[in-house]
Amino acid sequence: MRNRPLAAPDEALADLRLERRPNLLRLVPTGEWNVGQSPRLDLLLNGLRPEGAREAEIDGAGISELDSAGAWLLLRTKHKLEQQGVRVRNFTLPERYAPLVQIMEADQLTGPVVHRPRPRGFRYFLERLGSGTMHALGQGYGMLGFLGRVTVEAIEAILSPRRELPIPAFVRQVEETGLTALPIVGLLAFLIGVVLAYQGADQLRRFGAEIFTVDLLGVGFLRELGGLVTAIIVAGRSGSAFTAFIGTMRVNEEVDAMETMGLNIAEVLVLPRVLGLMIALPLLTFYADVVGLIGGMVMCYFDLHITVPMFLRELETAITYKTLLVGLIKAPVFAFLIGLVGCFEGLRVERNAESVGKLTTRSVVESIFLIITFDAGFSVLFSIIGI
Amino acid sequence: MSGAHQHDDVVIRIRGLVNAFSGHVIHDHLDLDVMRGEVLGVVGGSGTGKSVLLRSIIGLNHPESGSIKVFGVETADMDAEDLKGLQLRWGVLFQGGALFSSQTVAENIQVPLRRYTHMSQELMDEIAAMKLALVGLPPDAAQKYPSELSGGMIKRAGLARALALDPELLFLDEPTSGLDPISANQFDQLVRSLQQSLGLTVFMVTHDIDSLRAVTDRIAVLVNKKIKVGTFETLVHDSDPWIHEYFSGARGRAALAGAA
């Protein structure tokens with residue numbers, strides 16, 4: 001056996017000598033025939049041709065070290081020679097390697113492993129397109145079913161007085177998704193306020209209408225940006241956490257254990273998350289609105305010399321409480337989407353590590369897609385009813 | 001039994017090992033020697049730190065104090081490069097197989113080959129087929145993903161991967177747990193025959209008393225935060241109540257009777 005780490009292929013360590021006599025080919029392997037030397041030995045043996053020899057000898061007496069890779073190379077050579085009609089009349093190895101060769105010869109090898117074919121081409125493209133479409137439809141159908149289940153469970157849980165609502169779990173979710181998100185949401189909202197004010201001021205200055213930067217900020221942030229930015233951050237932060245957490249529980253069979261104990265998955269896992277997020281996200285959105293406006297205000301002061309009282313007076317004429325409400329009313333809907341998608345994908349995780357990662361990614365992409373789609377829908381709706 | 005006592009060549013030497021987690025001492029100045037060419041079984045009650053001991057030896061867990069020498073090299077003060085050199089000389093079969101779930105069995109076996117040698121793809125495919133045959137898996141297992149395999153096949157595939165680089169030292173963490181008695185028995189025989197033909201030193205954590213009986217040369221028992229080493233026959237008569245109970249309980253007696 002080898003007594004030191006793998007050495008790189010080197011002819012000083014392991015070699016193969018060929019002796020050709022009339023009708024006889026003698027192979028004399030010497031040195032360390034092990035996995036480290038095998039790449040080079042493989043090349044040497046692959047180039048080997050009998051060249052008319054009828055008989056062969058493999059004399060391995062000079063082998064100082066043999067492992068299964070080296071033994072495989074010798075056995076393979078022996079088989080190949082025999083297939084080419086060469087009789088291997090002598091195959092000797094040091095006595096101590098007899099058990100190794102014995103166990104390997106006992107295995108009837110059928111050749112190298114066959115890898116799974118990796119399909120390519122136009123037909124494969126069509127196949128993927130089709131299965132992708134069916135998958136997307138199935139996904140939508142499954143999500144609708146899940147929505148129905150969660151809705152029914154939610155109503156039952158709220159109406160039934162004897163059942164205890166999972167209040168502590170619910171409060172913890174509000175803390176985890178809301179309170180701990182304050183720094184990152186605040187920072188991003190502030191920066192977006194600064195950027196928006198700067199760009200707005202740059203454009204509006206050309207008309208001498210710098211003061212309307214405040215209107216741009218107020219309406220833009222309260223109606224659209226505050227809610228959208230917060231929802232997207234939370235989708236990336238909490239939606240992914242929901243999927244990964246529930247997914248890992250599935251991998252550990254915790255979800256199965258809950259089901260066999262008669263615990264209701266929707267009530268225990270889904271409701272606290274969805275409801276907690278529906279409380280936390282509107283609060284976060286309001287906070288983002290305020291911080292974003294402060295960011296804009298700071299920028300207005302330094303760039304346009306609009307003082308704080310001027311800013312506030314202009315803001316008062318630009319927006320009404322309706323502007324704020326239009327923005328805030330979307331937040332619970334976004335929260336519901338994030339929570340629903342996050343839990344839905346988490347429960348679809350299969351029992352392997354790859355699945356957790358794949359579905360977590362999908363959960364975030366899907367919730368952001370749904371958030372923006374619904375936001376567009378809200379814009380159309382609000383313009384129809386004239387808000 | 002193989003020549004464990006013929007040449008006293010120590011592969012793993014542990015002296016004064018202390019492991020503690022948040023104040024709770026698991027190993028208290030534990031000593032252990034593993035000889036070249038032997039199969040050492042490690043047993044102990046739940047929570048006595050069998051897996052911690054294994055993880056300490058292979059460098060996944062850093063002990064509080066003590067010395068662990070593998071092939072005469074102190075593992076504690078090794079840098080990453082030295083550790084890599086050692087890692088090539090041992091193979092580990094984890095309890096759950098720990099096959100990479102995104103890769104097929106053949107690709108799993110080829111991971112160490114690809115990382116540490118410059119073999120052609122063709123040779124790697126041949127080696128993978130050879131290792132599969134060696135651990136008794138059918139050729140068509142090569143293109144399966146771990147999720148498509150049964151528990152026994154996962155253990156065998158994990159063993160094939162552990163043997164990919166022809167290591168001298170093999171660590172097995174509960175290799176027969178979760179297998180039915182027939183598969184467990186086959187696995188024991190497989191370990192024994194591989195150990196003899198490849199000349200392996202095997203460090204095996206197990207709870208399977210039939211395995212201990214069938215495969216091991218010596219048995220190390222973790223009791224009272226230390227280790228007691230003996231053979232099946234001597235440990236049956238040990239004065240420690242836990243060891244006595246373990247080896248002379250109904251299962252122990254059956255194992256002894258079955259082998260006699």
Side-chain angles (χ1 to χ4, degrees), chain A residues 1-9 32-43 45-46 65-73 75-76 79-80 96-118 251-252 350-358, chain B residues 9 36-37 71 82 84-89 99-107 109-110 112-113 116-136 138-147 163-169 193-194 196-201:
Chain A
M1 281 290 105
R2 199 168 62 239
N3 288 323
R4 52 188 177 280
L6 284 187
E32 302 164 9
W33 278 61
N34 59 30
V35 66
Q37 303 298 322
S38 63
R40 183 172 161 271
L41 300 173
D42 178 42
L43 289 179
L45 289 168
N46 269 338
E65 210 181 286
L66 186 73
D67 69 6
S68 72
W72 161 251
L73 287 175
L75 285 172
R76 186 188 73 181
H79 285 294
K80 269 191 185 166
R96 60 185 184 281
Y97 299 120
L100 171 64
V101 176
Q102 232 164 32
I103 194 176
M104 289 182 60
E105 274 191 320
D107 298 324
Q108 298 288 322
L109 274 186
T110 48
V113 294
V114 183
H115 289 279
R116 237 172 230 233
R118 304 208 185 270
V251 174
N252 286 339
E350 288 157 33
R351 292 199 53 200
N352 60 67
E354 199 188 5
S355 174
V356 179
K358 208 163 90 185
Chain B
D9 199 354
R36 183 174 298 276
F71 301 117
D82 292 339
K84 196 185 97 178
L86 259 190
Q87 281 163 346
L88 297 177
R89 301 172 66 186
L99 294 176
F100 306 127
S101 51
S102 55
Q103 294 179 318
T104 62
V105 169
E107 287 163 349
I109 297 172
Q110 289 170 355
L113 300 177
Y116 292 115
T117 73
H118 299 282
M119 287 187 191
S120 63
Q121 182 63 45
E122 204 179 2
L123 181 60
M124 278 199 288
D125 288 347
E126 289 170 4
I127 299 270
M130 183 261 288
K131 300 284 172 186
L132 282 178
L134 217 50
V135 299
D140 65 339
Q143 44 177 308
K144 287 189 173 149
Y145 284 96
S147 55
L163 293 174
L165 287 175
D166 272 285
E168 301 150 70
L169 176 57
S193 80
L194 287 177
Q196 281 166 352
S197 50
L198 303 179
L200 297 169
T201 306

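What you are looking at is a predicted structure, and each value in this text was computed from that prediction instead of being measured. Reminder, nothing fancy here: chain letters follow the sequence lines and each chain counts from 1.
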Proximal component of Ile109(B), with respect to chain A [non-hydrogen, under 4.5 Å]: neither
What heavy-atom pair brings Pro39(A) and Thr117(B) nearest, and what distance separates the two atoms? CG-CB, 4.4 Å
Looking at CZ of Arg40(A) and NE2 of His118(B), how far apart are the two atoms once the value is rounded to the nearest 0.5 Å? 14.5 Å
Side-chain contact test, heavy atoms from C-beta onward, threshold under 4.5 Å: evaluate it for Asn46(A) versus Leu123(B) and give yes or no. no
Could you tell me which portion of Leu73(A) (side chain, backbone, both or neither) has an atom closer than 4.5 angstrom to a non-hydrogen atom of chain B? side chain
Applying side-chain contact (heavy atoms from CB on, under 4.5 Å), can you list everything that pairs with Glu122(B), at least two apart in sequence or on another chain? Ser120(B), Glu126(B)
Could you tell me the separation between the CE atom of Met124(B) and the CG atom of Asp42(A), rounded to the nearest 0.5 Å? 10.5 Å
Mind checking the CD1-CG spacing from Ile103(A) to Leu194(B)? Nearest 0.5 Å is all I need. 5.0 Å
Here the pair of heavy atoms bringing Leu132(B) nearest to Val113(A) is CD1-CG1, 4.0 Å
Tell me, side chain or backbone of Leu163(B) under 4.5 Å from chain A's heavy atoms, or both, or neither? neither
Taking side chain as C-beta onward, heavy atoms only, is Ser38(A) less than 4.5 Å from Met119(B)? yes
Considering only heavy atoms, which portion of Arg76(A) lies under 4.5 Å from any heavy atom of chain B: side chain, backbone, both, or neither? side chain
Side chains of Leu100(A) and Leu198(B): does their closest heavy-atom pair fall under 4.5 Å? yes
Heavy-atom distance under 4.5 Å between the side chains of Ser68(A) and Met130(B), does that happen here? yes
In this structure, OG of Ser101(B) is separated from CD of Glu354(A) (nearest 0.5 Å) by 5.5 Å
Contacts of Asn252(A) meeting side-chain hydrogen bond (donor to acceptor under 3.5 Å, both in side chains) (sequence neighbours excluded), chain-then-number -> Glu254(A)
Chain A heavy atoms under 4.5 Å from Gln121(B): which part of the residue, side chain, backbone, both or neither? side chain
Would you indicate whether the side-chain heavy atoms of Gln196(B) and Pro99(A) approach each other to under 4.5 Å? no
